[in-house]
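As a basis for the values below, the full set of heavy atoms in this structure was taken, side chains included, without hydrogen atoms, waters or symmetry mates.
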Protein chains: 2
Amino acid sequence: MSWKRDRPETPRGYHHGNLKEELVKAALGLIGEKGPNGFTFAEAARMAGVSPAAPYRHFRDRDELLADVAARGFQTFEAALSRAWDQGRPDPETAFHRLGRAYLAFAHDEPAYYSAMFEAGVPLDASPELRAAADRAFANLRQAAEALIARLPQGKRPPALMMALHIWAMSHGIAALFGRADGGRRPLPMSAAELLEAGMLIYLQGLGIGPETAAPQAG
Amino acid sequence: MSWKRDRPETPRGYHHGNLKEELVKAALGLIGEKGPNGFTFAEAARMAGVSPAAPYRHFRDRDELLADVAARGFQTFEAALSRAWDQGRPDPETAFHRLGRAYLAFAHDEPAYYSAMFEAGVPLDASPELRAAADRAFANLRQAAEALIARLPQGKRPPALMMALHIWAMSHGIAALFGRADGGRRPLPMSAAELLEAGMLIYLQGLGIGPETAAPQAG
DNA sequence: CAGCTCATGTTAACAGCGCTAACATGGCGC
DNA sequence: GCGCCATGTTAGCGCTGTTAACATGAGCTG
C-alpha cells in the first residue's frame, strides 16, 4: 500500500479522526506549491495518509474542496481587512491606507488562499458560506468608502458602492498583476504596496479627499 | 476509430495539412466554453479530427499550446489597443477613453483569449513571442500615459510607468472581477465600462488632468 | 457489558487524461 | 522513380477523478 505514510507522525487506526481539516491543510499547501491547477485530490489524500477515495466522505468532489479552501480564505481575508480598518480609527485616511496594505499583505503572504479565492475559477455561489464570507470581506471596503465619502460636502459625494468597487478593482488588479510572492508577471521599479498607495492617493485626490495641495506624486 | 469525425467536412488523407492552426482554434473554442482548466489536449485533437498523439508533432506539451494561444491573444489585444489609441487622435483624452473601452471590450468579446492570457497561469516568459506581444500591448498604455502627462506642467508630472501600471491594474481588476461575459462574480448596478470610465475620470482628476483643469494646448 | 448502527475508512474498477515509443504514410526534393 | 523525414497512427504507461461494494470500529441503546 504505497499511499500509506512510511512513518505515520500520528499513528491512527482505521479511522482518521480529523481528516477533513487535514485535507484542507494539504490542499492549501499543494495550491501554494503548484498553483490551483496542480493541486490534486489524490495527492491531498496521500499527504493525509488515507486512500484516494477517503476524501469523498467529506467533499462531494474536488471542486467542493477547492470551494471550502476559498471560503476559509475569504474568512481570514475578512478578518485581516476588518482588523486593519479597525472601524476607521484613529481617522478614516489612516485606517484606509492600513486597509490597502492589509489587502496586498494578504495576497503576498497567503498566495495559496488568494489563488483559491481569485484564480481557481471557483464561482462565488459554490456555497452559501463562500458567498457570505466574500460579502463580509467586501463590506469592509464599502464601509471604508462610506467613511471617506462622509468627509465630502453633500453635493460632491460619489456613490459609495462605486467607490468601493474602484478600490477593490485597483487592489485586485495590482495584486494579480504585480503583487504575488514570485514578483508577479513583470519586474517593477516599485513595490506593489507603493504602487497601490500612490494609486489610491491619486484617486482620493480626484474625489477631493486628501492633503489639499499635495502634488500627485506620492512618496 | 471513434475519434474520427463521422463526416469530415474537409476530407483529408493521412496528413492533415493545417493541423497546428486548427488545434489553436479548437483550443480557443474549448477555453471559451469550459475555461482554461477544462481545456483538454485530447479533445482539441478530437475536434481537429486527428488522433490524440498528433498534437505532439506541433506542440511540446499542453502548456505550449496554451502559451501559443496566449501569445496570439496578446497580439490581437495589442492590435485592438493600438487601433483604439490611434496615436492619441484627435486628442489624448478622447483617445484615452477609447483605449479603456477597447480594453474592456476585448475582455468581454474575447473571453477565451483573455482567459488564456491572464487566468490560465501561463508565465509571460513561456516564449519570446508571448513576452514580446505582451510588452507591445502594454506599450500602448504607457504611450497613452505619456501623452496625458505631457499636458501637465513640468513640476506635477508623475512617472509615466507608474501611471501606466495604475491604468492597467484598474482595467484588469475591473475586467477580472466584473467584466466577464457571464456578468462577472457579482451583479452590479452599472456596467464594467461605466465603472472603468468613472474610475479613470476620478484618477485623472486626481492627477490634475480633467475637464476643469485642462490646459489649452497650442498645437 | 453486548449488540447494532452508521459515519468513516478501504479496495477494486472504470474512463479519461498527458505523454512517449515504435511504427506507418505519403509529399517533396534528388 | 526513389528515398527521406515531417507528420500522422497505434499501443501502452502511470496518473487522475469518481463510483460501487465492502470493512471497521466509535458510540449509542438496552
Side-chain angles (χ1 to χ4, degrees), chain A residues 1-6 8-27 29-31 33-69 116 120-122 126, chain B residues 1-6 8 10-24 26-27 29-31 33-69 116 120-122 126:
Chain A
M1 324 298 184
S2 66
W3 52 265
K4 268 188 187 167
R5 285 181 299 197
D6 295 338
E9 291 130 23
T10 305
R12 65 169 180 93
Y14 193 90
H15 288 82
H16 184 288
N18 196 25
L19 184 52
K20 187 164 185 174
E21 287 303 313
E22 215 161 304
L23 284 173
V24 170
K25 281 183 194 167
L30 289 173
I31 293 170
E33 277 180 43
K34 324 190 204 176
N37 303 355
F39 151 67
T40 269
F41 221 37
E43 190 163 2
R46 222 174 293 134
M47 292 183 81
V50 297
S51 80
Y56 289 87
R57 298 293 173 196
H58 300 275
F59 303 97
R60 194 176 350 89
D61 54 19
R62 185 183 177 280
D63 286 348
E64 192 170 286
L65 207 185
L66 227 47
D68 194 283
V69 172
V122 178
Chain B
M1 324 302 184
S2 67
W3 50 264
K4 271 189 184 166
R5 286 181 298 197
D6 295 339
T10 304
R12 65 167 178 95
Y14 194 89
H15 289 81
H16 184 289
N18 196 25
L19 183 51
K20 188 164 186 175
E21 286 304 313
E22 215 162 304
L23 284 174
V24 170
L30 289 172
I31 294 170
E33 276 179 43
K34 325 189 202 173
N37 302 356
F39 149 67
T40 269
F41 221 40
E43 191 162 1
R46 222 173 293 133
M47 292 181 82
V50 297
S51 82
Y56 290 88
R57 298 293 174 196
H58 299 274
F59 303 97
R60 194 174 354 88
D61 55 19
R62 183 181 178 280
D63 286 347
E64 193 170 286
L65 208 183
L66 227 45
D68 195 285
V69 172
V122 178

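Two residues are said to be in side-chain contact when any heavy atoms from C-beta on lie closer than 4.5 Å; A:Ile31 and A:Leu66 meet this criterion.
To the nearest angstrom, C1' of D:dC22 lies 10 Å from CZ of A:Arg57. Atom CZ of A:Phe59 and atom C1' of D:dT18 are 16 Å apart (whole Å). Per the geometry, CZ belonging to B:Phe39 stands 7 Å off P belonging to C:dG18, to the nearest Å. Residue B:His58 contributes atom NE2, which lies 16 Å from atom P of C:dT20 at whole-angstrom precision. The distance from atom CG of B:Leu65 to atom C1' of C:dG18 is 13 Å, rounded to the nearest whole Å. Per the geometry, CG belonging to B:Asp61 stands 14 Å off P belonging to C:dA21, to the nearest Å. Between the OH atom of A:Tyr56 and the P atom of D:dA21 there is a distance of 17 Å, given to the nearest Å. We find that CG of A:Leu66 is positioned 14 Å from C1' of D:dG17, with the value rounded to whole Å.
Between D:dG17 and A:Arg62, a contact under 4.0 Å exists linking OP1 or OP2 to a side-chain N or O. When the side-chain nitrogen and oxygen atoms of B:Arg46 are compared with OP1 and OP2 of C:dC17, one or more of them lie within a distance under 4.0 Å.
Of all heavy-atom pairs between B:Ala54 and B:Leu19, the closest is CB-CD2, 3.9 Å.
Between atom CD of residue B:Glu64 and atom OH of residue B:Tyr56 there is a gap of 11.5 Å, rounded to the nearest 0.5 Å. In this structure, CD on B:Glu22 lies 9.5 Å from CE on B:Met47, to the nearest 0.5 angstrom.
Of the candidates C:dG18, C:dT10, D:dG17, the closest approach to any side-chain atom of B:Ala42 belongs to C:dG18. Side chain of A:Leu19, nearest nucleotide from D:dA11, C:dG18, C:dG9: C:dG9.
Place A:Thr40 and B:Ala54 on DNA chain D by their nearest nucleotides, and B:Ala54 ends up nearer the 5' end.
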